[in-house]
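As the structure is a computational prediction, the values presented were derived from the model and not from experiment. Residue numbers begin at 1 in each chain, while the letters A, B, ... track the order of the sequences.
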Protein chains: 2
Amino acid sequence: MDTIPVWSYCQATPISPFRICAASKRFSPLESWMVTLAEVAQHAGVSASTVSYVLSGKRSISAATRERVEQSIRELGYHPNAGARALASSRSNIIALMVPLRTDMYVPVMMEIAIAVATTARTHGYDVLLLTGEEGPDAVRRVTGSGLAEAMILMDVELDDERLPLLRGTDQPSVLIGLPTSTSGLTCVDLDFAATGALCAEHLAMLGHRDIAVIGEAPAVYERHTGFAERTLDGLRSRSRELGLRVLHRPCEGGYDAMALTLARIFDERPATTGFVVQNESAVEPLLALLRQQGRAVPEDVSVLAVCPDQVAVQASVRLTSVAIPAQEMGRRAVELLVAKLDGRGTEEVVLLAPELTVRASTGPAPAAP
Amino acid sequence: MDTIPVWSYCQATPISPFRICAASKRFSPLESWMVTLAEVAQHAGVSASTVSYVLSGKRSISAATRERVEQSIRELGYHPNAGARALASSRSNIIALMVPLRTDMYVPVMMEIAIAVATTARTHGYDVLLLTGEEGPDAVRRVTGSGLAEAMILMDVELDDERLPLLRGTDQPSVLIGLPTSTSGLTCVDLDFAATGALCAEHLAMLGHRDIAVIGEAPAVYERHTGFAERTLDGLRSRSRELGLRVLHRPCEGGYDAMALTLARIFDERPATTGFVVQNESAVEPLLALLRQQGRAVPEDVSVLAVCPDQVAVQASVRLTSVAIPAQEMGRRAVELLVAKLDGRGTEEVVLLAPELTVRASTGPAPAAP
DNA sequence: GTCTCGAATCGAAGCGCTTCGACAACCTAT
DNA sequence: ATAGGTTGTCGAAGCGCTTCGATTCGAGAC
């Protein structure tokens, strides 16, 4: 729809010899030889600064002028040059998003967060630069140092993340998705995993279960002290203690073979186990299949409670009672907090989203003791 | 091959006397402690242009000078300003990656591609801007127009994608991951899905199967004419014809309920079906479970052949014979083609990766006809 | 000893935009 | 009328970097 009548401004605006020569070399009307602010200004018969103010709205402009300028912008197909803008204003309108390089867990959640970040950022006029964890702390230095991005969002935060000192040491706004051990001077968004764990314990306790098992993420996830995994466990354990539940925690790689081993060990050690909490998407289906195979009915004999996105819960072979992971919400909130900081409103703050448990078909009253 | 960015050495941002005097001249609010080229030049006792040439290597510099400059860069913790660079050189060193907004299919593959793109891009000195499909063609216009990104990679290309005319009409390099109907003037990377389909047909035919069923992606995927789904089907169908296989194709939403319905219909219409080709990650596990439940053994009674990443194939309840989707390779190749174009080498080109079938435990000889 | 050429360096002119101070032109209130 | 505010617009000074001559200085070539 942006038809660009090249001729109209070729005739009208001999700005510089450079321009003329470039324009005459030009072929297709769609081609992006950049139209500049100055050209728009000349076309509209105003000064460059006026056009700039029309664009930014930082000074009042008469309706007539504004209209004329906007018309010219449309006619010429003008797009402000991002580099020039960034240079002159020290604002790049880009925020960096650092996603984990590893794909040993929860890829769909990561993706959903990333997409939510990107779309929310756009509604606030920002673009998103995608950084992988590969570069590690250097990426933070590079991006802050070069002014490429004016703020950043970090995912997959470890409890004692090595990027945090850098973040604290810079005046560049940032938001973490995840919750490190110390949050002083930081802004964080996350599901309240401790409350999530507690909620799981409560639900199972309420149903009369006494022995429960937690099927966690892969051991590696715990070894590098990923916050959410440990926090879920802590919350679940401490609430369990209060409620008199016995808890067994077993990390699990996911997949059938690993799950089979894990499950065998669990029933070996605690034959009376009747409740499962699973926080590993790739372990859900294997668990259900193995239970079925062993003749344990869900939810009559054992209950299974998952911590996973709703979509996974409803697509499983048994519709799972679950605590949802609100990936989109997390991405959205992170951007909003960041934008608030960039606008000067907004503060250091920790936002913990309250967990919500949805009862579906995988949990029920504990069976009467044999 | 690529110049190594000197500034990546520096560990911190030490304070220098020069900064103080320069800073007092300046009142940029946010980046008031940015070290500039000029400051490095002054510190090293050379002119700004010399520093620039040290950085870019575009003119010869004596070893002594080079060293002095690099020393200063390190001491001052200098990072070139991205905006200024982009403005002066018209090269932003950013490539845009447009990912699909929808998450109705193959999220892990998308994520893997995205990460491969990001890491490969970094090795060539580029950063990646994350665009979602939400903005549609406008995003292309915005990004090319503003010079924000100097090139772009598009994922989730439809057969007759509305972004293609824009791409053809601009001189901005681009690479598609996927294969539209017409590729003239475009560079594309994709798995050769037609060959993939053919390969599946061959494998099952070789094993003696006569009636096969294809469990495809959700109907919506076909309705919007996503290339890979249709091409797989075409390849499979035409090779099947040659081999005398009868083919039934049923799209499927994924999940247990949808799969149960689909499967029932298939056996209704073609009771003699003994081979399945699945191209829908979320349908794999349901299919296996249902077959098991119906007393059909895999691979003795029916064979199941998947088109999916290897990781999915080995984690399933039966180790699946599969044609791999080489997500990483695709991302990597896309970037390499793009960089080649940006460097002036490289041409329009269609790269189709040859499919590779790995035999695992889910396919075997067709059972003797009853 | 002069001439030429290449290597090494510098100075200056932008790149396209934002922003600040200046200034007309018009309003009110005196 | 005049002082004092608005309002709308302009000119010019950068932002930090790249790049294109121009310049200097030795080292051969003659």
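For A/Glu329, the side chain to side chain donor-acceptor pair (under 3.5 Å) partners at least two apart in sequence or on another chain are A/Arg332, A/Arg333. Partners of B/Ser62 under the side chain to side chain donor-acceptor pair (under 3.5 Å) rule, at least two apart in sequence or in another chain, are B/Thr65. For A/Gln71, the side chain to side chain donor-acceptor pair (under 3.5 Å) test picks out A/Arg74, A/Glu75, with sequence neighbours left out. For A/Arg168, the side-chain contact (heavy atoms from CB on, under 4.5 Å) partners are A/Leu164, A/Ser182, A/Ser184, A/Leu186, not counting sequence neighbours. Applying the side chain to side chain donor-acceptor pair (under 3.5 Å) criterion to A/Arg163, with sequence neighbours excluded, gives A/Asp161. Annotation: side-chain contact (heavy atoms from CB on, under 4.5 Å) contacts of B/Ser60 (sequence neighbours excluded): none.
In terms of phosphate contacts, B/Lys58 brings a side-chain nitrogen or oxygen within less than 4.0 Å of OP1 or OP2 of D/dT19. Residue A/Arg85 places no side-chain N or O under 4.0 Å from the OP1 or OP2 atom of C/dG16. Under 4.0 angstrom from either OP1 or OP2 of D/dT18 there lies no side-chain N or O belonging to B/Ser89. Note on B/Tyr53: every side-chain N or O is 4.0 Å or more away from OP1 and OP2 of C/dG11. The phosphate of C/dT9 (OP1 or OP2) has no side-chain N or O of B/Ser47 nearer than 4.0 angstrom.
Closest to the side chain of A/Ser49, out of C/dT19, D/dT19, C/dC10, is C/dT19. Checking C/dC17, D/dC10, D/dG16 against every side-chain atom of B/Asn81, the shortest atom distance belongs to D/dG16. Comparing atom distances between the B/Ala88 side chain and each of C/dT9, D/dC17, C/dC17 picks out D/dC17 as nearest.
Within the helix from C/dG1-D/dC30 to C/dC26-D/dG5, the inter-axis angle between the opening and closing five-pair segments is 50°, rounded to 10°.
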Output side-chain donor-acceptor pairs under 3.5 Å for residues 125-137 of chain B, partner residues at least two apart or in another chain, one line each.
from: B/Tyr126; atom 1: OH; to: B/Arg91; atom 2: NH2; distance (Å): 3.4
from: B/Asp127; atom 1: OD1; to: A/Arg142; atom 2: NH2; distance (Å): 3.0
from: B/Asp127; atom 1: OD2; to: A/Arg142; atom 2: NH1; distance (Å): 2.5
from: B/Thr132; atom 1: OG1; to: B/Glu134; atom 2: N; distance (Å): 3.4
from: B/Glu135; atom 1: OE1; to: A/Arg122; atom 2: NE; distance (Å): 3.4
from: B/Glu135; atom 1: OE1; to: B/Arg142; atom 2: NH2; distance (Å): 3.0
from: B/Glu135; atom 1: OE2; to: B/Arg142; atom 2: NE; distance (Å): 3.0

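Taking each heavy atom of A/Ile95 and A/Ala121 in turn, the nearest pair found is CD1-CB, 4.0 Å.
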Quick test: give all pairs of protein nitrogen or oxygen and nucleotides 6-8 of chain D nitrogen or oxygen below 3.5 Å, distance rounded to 0.1 Å.
from: D/dG8; atom 1: OP2; to: A/Ser60; atom 2: OG; distance (Å): 2.6

